[in-house]
Amino acid sequence: LLAASPRPLRFLIAREEYDRWWLRWLLRAVGCIPVERTRNPRAALYAAREALERGEVVALFPHGRIHLDHHPPTPLKRGIVLLARMTGAPILPVRVEGVRGQGRTVAAVFIPSRARVQGFAPLRCDGLSVEDCLEKLWDILAAPQARAGHENPHRPRHSRRRQAPD
């Protein structure tokens, strides 16, 4: 994402990743925003809001972590929609595919890959509930194979497709 973006990105990153002594200097230098997931995640939300209000670009993983296509589908976190609502900024969904060393924080940088960044149209959540916006975002980001085999976890149960009995 960093290489594909014409502007600097401020990533939200889990505090336990941010506090790795050999990476902290770099993560701080590039402006990462640490998230205290268990104690005070709202502090990171407010720091991200301030960055957006200054015109900076904030990048985050809406699953709350890097989500790989072979992982089971999980609901997206509400923070992305809350940030969009607080600032009026659109959500710019992107998928990154073709990365070797997926799930490895440092090693993935050194493993040659043919990564592809696929961008989608901006998503505005004005007038939508948080759940409705998350449902739309999940539909955009889910890989085609995930959409084919799994239900969107944000779609209300009563409106999910009914399976025909065997």
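We count residues from 1, following the sequence as given.
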*Validation row: V81, L76 side chains within 4.5 angstrom (heavy atoms)*: no
*Looking at R37 and G64, what are the two nearest heavy atoms and their distance?*
NH1-O, 3.1 Å
*Candidate pair L134 and I80, rule side chain to side chain contact (heavy atoms under 4.5 Å, CB included), full reasoning*: CA-CA 9 Å; L134 290 174; I80 191 165; 4.1 Å; yes
_Any heavy-atom pair between the side chains of I33 and I13 that's under 4.5 Å?_
no
_Closest non-hydrogen atom pair, P34 against R15_ = CG-NH2, 3.5 Å
*Within a strict 4.5 Å, meaning less than it, do heavy atoms of the H154 and K136 side chains meet?*
no
*Could you give the distance from SG (C125) to CD (E131), rounded to the nearest 0.5 Å?*
11.5 Å
*To the nearest 0.5 Å, what is the distance between CD (E97) and CZ (R114)?*
15.5 Å
*How would you list all residue pairs meeting side-chain hydrogen bond (donor to acceptor under 3.5 Å, both in side chains) that involve residues 52-66, not counting sequence neighbours?*
R10-E56, R54-E56
*Can you establish whether the number of heavy atoms outside R42 located under 6.0 Å from its atom CZ is more than 12?*
no
_In the structure I gave you, are the side-chain heavy atoms of F11 and L27 within less than 4.5 Å of one another anywhere?_
no
*If you measure from CG on L123 to CD1 on I140, what distance do you get to the nearest 0.5 Å?*
5.0 Å
*Looking at side-chain heavy atoms only, is the closest gap between I91 and C133 below 4.5 Å?*
yes
*Under 3.5 Å, is there a donor-acceptor pair between the side chain of R95 and the main chain of Q118?*
no
*Walk me through it: do L12 and F61 pass the test side chain to side chain contact (heavy atoms under 4.5 Å, CB included)?*
CA-CA 8 Å; L12 268 73; F61 297 96; over 6 Å; no
*Backbone N or O of P8 within a donor-acceptor pair of the S5 side chain at under 3.5 Å?*
no
*Answer whether the closest heavy-atom distance between the side chains of M86 and L83 falls below 4.5 Å.*
yes
*asked:* Please give me the minimum heavy-atom distance between P93 and A121, naming the atom from each residue.
replied: CD-O, 3.5 Å
*Are R24 and D19 side-chain neighbours, meaning at least one heavy-atom pair lies under 4.5 Å?*
yes
_Test your reading of the model: is there a side-chain donor-acceptor pair from R49 to the backbone of A44, 3.5 Å cut-off?_
no
*G79 versus L45, closest heavy-atom pair with distance*: O-CD1, 3.7 Å
*Do F120 and L92 touch side chain to side chain, with heavy atoms closer than 4.5 Å?*
no
*Taking all non-hydrogen atoms of both residues, which atom of A48 and which atom of V58 are closest, and how far apart?*
O-CG2, 3.8 Å
*asked:* Side-chain heavy atoms nearer than 4.5 Å, only ILVMFWY residues, links allowed to pass through others: does that put L128 and W138 together?
replied: no
*For D139 against N152, the heavy-atom pair lying closest together*: OD1-ND2, 2.9 Å
